[in-house]
Protein chains: 2
Amino acid sequence: MTAANGRHAGATRGEDTVSGVVRQWQAVHPDLDTGPMEVIGRINRCAALLQQAEDAPLRRAGLSRPEFDLLGALRRTGHELTPGELARETFSSGAAVTKRLKQLTERGLVERRGDTRDRRVAHLRLTEAGRDLVDGILPEQLAYETSVLAVLDPPGQGELAGLLGELLGRLEGRLGALRT
Amino acid sequence: MTAANGRHAGATRGEDTVSGVVRQWQAVHPDLDTGPMEVIGRINRCAALLQQAEDAPLRRAGLSRPEFDLLGALRRTGHELTPGELARETFSSGAAVTKRLKQLTERGLVERRGDTRDRRVAHLRLTEAGRDLVDGILPEQLAYETSVLAVLDPPGQGELAGLLGELLGRLEGRLGALRT
DNA sequence: AGCAGGTGTTTTACTCGTAAAGGATTACCC
DNA sequence: GGGTAATCCTTTACGAGTAAAACACCTGCT
């Protein structure tokens with residue numbers, strides 16, 4: 001075993017699912033370095049659990065997370081965005097954005113306006129209803145997330161955020177570079 | 001700003017996407033505590049990036065990640081599993097497992113055997129081809145993951161694994177309890 | 001002007017996961 | 001024992017995302 005959780009040893013009684021899986025793999029393939037699983041497996045599992053939990057407040061408002069991400073992008077940038085910009089901003093494909101925009105405009109949360117110069121592009125903005133919806137959900141959402149994360153003490157959250165930021169920043173940097 | 005990354009300050013030049021998003025939100029809603037975003041947003045984004053990168057070695061073998069998870073569950077437990085157990089083990093729905101098993105058996109990677117006692121249940125095991133495939137992919141997969149994670153120094157990986165394990169363990173514990 | 005090529009968006013065909021209903025079988029309980 | 005409930009798995013209908021092609025439009029070159 002490599003260096004693992006260095007934090008106050010007593011608290012790690014948690015025994016998460018991943019550590020069990022890793023133990024099984026090591027029993028079958030004792031020669032393999034399962035270190036990466038303990039990071040990547042946990043990230044994946046955390047993401048799955050958090051999303052499942054997180055979706056609850058959104059679903060009450062009749063939104064999926066990708067839809068909320070799209071509305072949120074419009075809200076937080078504060079100006080109109082084209083479909084392409086929205087796709088980049090929400091890390092999804094253009095086609096997915098097209099479909100979501102169709103639904104959101106039908107629901108009256110988003111408005112589209114054609115560019116006068118370049119008639120290929122459209123500009124999307126939130127309607128008042130859309131803006132109100134986002135502003136209504138966001139505090140609730142953040143409060144909920146805070147309560148979920150409260151299983152970690154604040155310094156732990158800070159460390160975690162820092163490490164993830166470091167990892168993420170570097171991954172985003174060389175994402176295309178590591179094409180094996 | 002609350003306590004953030006406490007690690008050697010100089011290294012955090014990374015500026016990941018999430019921090020930009022958080023800054024935008026704070027400009028629009030200065031009163032909101034965006035702390036949770038810095039953790040949850042990063043977990044989600046890391047998961048997305050890692051999976052996208054991770055899938056490369058698997059796709060070469062003609063497997064999706066959920067398929068590999070299923071085969072892996074059979075391999076690491078070392079014994080036969082029922083569809084229900086596989087669903088629990090891979091955190092997916094029973095219906096999804098049914099479909100995947102259908103394909104994997106057609107490809108000759110998995111065999112099914114009916115229970116003699118209870119004729120509702122089936123027992124699945126890897127064929128020799130299936131076992132060989134998993135054993136062939138896994139080292140490659142782990143090596144690849146190692147190289148991806150190498151953007152973090154080993155102590156950082158250890159801390160990250162520890163913190164994620166702590167978070168995950170506690171989330172899994174009270175997952176049903178926080179149904180707001 | 002006119003056409004080749006590039007860009008921004010949408011459409012199409014397809015895959016995959018899910019929720020809900022369905023079938024089959026077993027277990028409980030009077 | 002026999003009917004009702006519980007369990008296990010599969011099927012069905014459907015919603016959502018993707019990749020690739022199609023479409024519409026602009027740009028630059030000759």
Side-chain angles (χ1 to χ4, degrees), chain A residues 44-45 47-49 51-56 58-59 62-71 73-74 80-107 109-125, chain B residues 44-45 47-49 51-56 58-59 62-71 73-74 80-107 109-125:
Chain A
N44 286 332
R45 182 97 183 93
L49 280 184
Q51 288 196 2
Q52 177 185 329
E54 239 180 344
D55 285 349
L58 292 181
R59 285 205 126 55
L63 288 177
S64 71
R65 169 148 278 270
E67 286 168 340
F68 182 73
D69 283 348
L70 198 163
L71 297 178
L74 287 172
E80 295 178 330
L81 292 172
T82 68
E85 289 168 337
L86 279 169
R88 258 165 268 139
E89 204 67 42
T90 62
F91 307 110
S92 39
S93 73
V97 168
T98 295
K99 288 194 180 180
R100 291 201 272 264
L101 284 175
K102 187 175 171 188
Q103 292 193 133
L104 293 172
T105 48
E106 280 170 1
R107 285 199 249 168
L109 299 173
V110 148
E111 279 175 345
R112 68 188 308 150
R113 172 182 74 77
D115 190 311
T116 44
R117 284 293 180 90
D118 186 340
R119 276 180 303 181
R120 289 170 302 182
V121 329
H123 297 275
L124 286 304
R125 61 165 166 266
Chain B
N44 286 333
R45 182 98 183 91
L49 279 184
Q51 287 196 2
Q52 178 186 328
E54 239 181 344
D55 286 349
L58 292 181
R59 285 204 127 54
L63 288 177
S64 69
R65 168 148 280 271
E67 286 169 339
F68 182 74
D69 283 349
L70 198 161
L71 296 178
L74 288 171
E80 295 178 331
L81 292 172
T82 68
E85 289 168 335
L86 279 169
R88 257 163 269 139
E89 205 67 41
T90 62
F91 305 109
S92 40
S93 74
V97 168
T98 296
K99 289 195 178 176
R100 291 201 271 263
L101 284 175
K102 187 175 173 186
Q103 291 193 134
L104 293 172
T105 49
E106 280 169 2
R107 284 199 249 168
L109 300 173
V110 148
E111 279 174 345
R112 65 190 309 150
R113 172 183 76 75
D115 190 310
T116 43
R117 284 295 179 88
D118 186 340
R119 278 180 301 185
R120 289 171 302 183
V121 329
H123 297 273
L124 286 304
R125 63 164 164 266

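Order of the sequence lines sets the chain letters (A, B, ...), proteins ahead of strands, with each chain counted from 1. The figures that follow rest on heavy atoms only: side chains count, while hydrogens, waters and symmetry mates do not.
Each of Asp115(A), Thr116(A), Thr82(A) was scored for a side-chain hydrogen bond (donor to acceptor under 3.5 Å, both in side chains) with His123(A), with one residue passing: Asp115(A).
In this model, no side-chain donor or acceptor of Lys99(A) finds a partner on the base of dT11(C) within 3.5 Å.
Side-chain proximity of Pro83(B) to the nucleotides dA20(D), dG17(D), dT10(D) is greatest for dT10(D). In this structure, the nucleotide among dC25(D), dT10(D), dT9(C) sitting nearest to the side chain of Val121(A) is dT9(C). Nearest to the side-chain atoms of Asp118(B) among the listed nucleotides dA19(C), dT26(C), dG17(C) stands dT26(C). If you check dG8(C), dA6(D), dA20(C) against the side chain of Arg120(B), the one that comes closest is dA6(D).
Rounding to whole angstrom units, CZ of residue Arg65(A) and C1' of dA16(D) are separated by 17 Å. For the pair Arg100(B) CZ and dT11(D) P, the interatomic distance rounds to 16 Å; values are reported in whole Å. Between Leu70(B) atom CG and dG17(C) atom P there is a gap of 11 Å when expressed in whole angstrom units. Separating the NZ atom of Lys102(A) from the P atom of dT10(C) is a distance of 11 Å, rounded to the nearest angstrom. Rounded to whole Å, atom P of dT7(D) lies 12 Å from atom CZ of Arg88(B). Rounded to whole angstrom, the span from the CG atom of Leu86(B) across to the P atom of dG17(C) amounts to 14 Å. Atom CZ of Arg117(A) is separated from atom P of dG8(C) by 16 Å (rounded to the nearest Å). Between Gln52(A) atom CD and dT18(C) atom C1' the separation is 13 Å, expressed in whole Å.
Look at Thr98(A) and you won't find any side-chain N or O under 4.0 angstrom from OP1 or OP2 of dT9(C). Put simply, Arg119(B) has no side-chain N or O that comes within less than 4.0 Å of OP1 or OP2 on dC8(D). Under 4.0 angstrom from either OP1 or OP2 of dT10(C) there lies at least one side-chain N or O belonging to Arg112(A). Between dG17(D) and Ser92(A), no contact under 4.0 Å exists linking OP1 or OP2 to a side-chain N or O. Residue Ser93(A) places at least one side-chain N or O closer than 4.0 Å to OP1 or OP2 of dT18(D).
A 4.5 Å side-chain heavy-atom check between Glu85(B) and Val121(B) finds every atom pair outside the cut-off. Two residues are said to be in side-chain contact when any heavy atoms from C-beta on lie closer than 4.5 Å; Leu81(B) and Leu124(B) fail this criterion.
Ala87(B) approaches Val97(B) most closely through the heavy-atom pair CA-CG2, 3.6 Å.
Among the heavy atoms of the strands lying under 4.0 Å from Thr82(B) are primed sugar atoms or P, OP1, OP2 only; no base atom is included. Within 4.0 Å of Gln103(A), counting heavy atoms only, lie sugar-phosphate atoms of the nucleic acid but no base atom.
Distance check, rounded to the nearest 0.5 Å: OG1 of Thr90(A) to CZ of Arg65(A) gives 12.0 Å. Here CZ of Arg112(B) is found 11.5 Å from CG of Leu104(B). Values are rounded to the nearest 0.5 Å.
Position along DNA chain D of the nearest nucleotide to Pro66(A) versus Thr116(A) favours Pro66(A) as the more 5'-ward residue.
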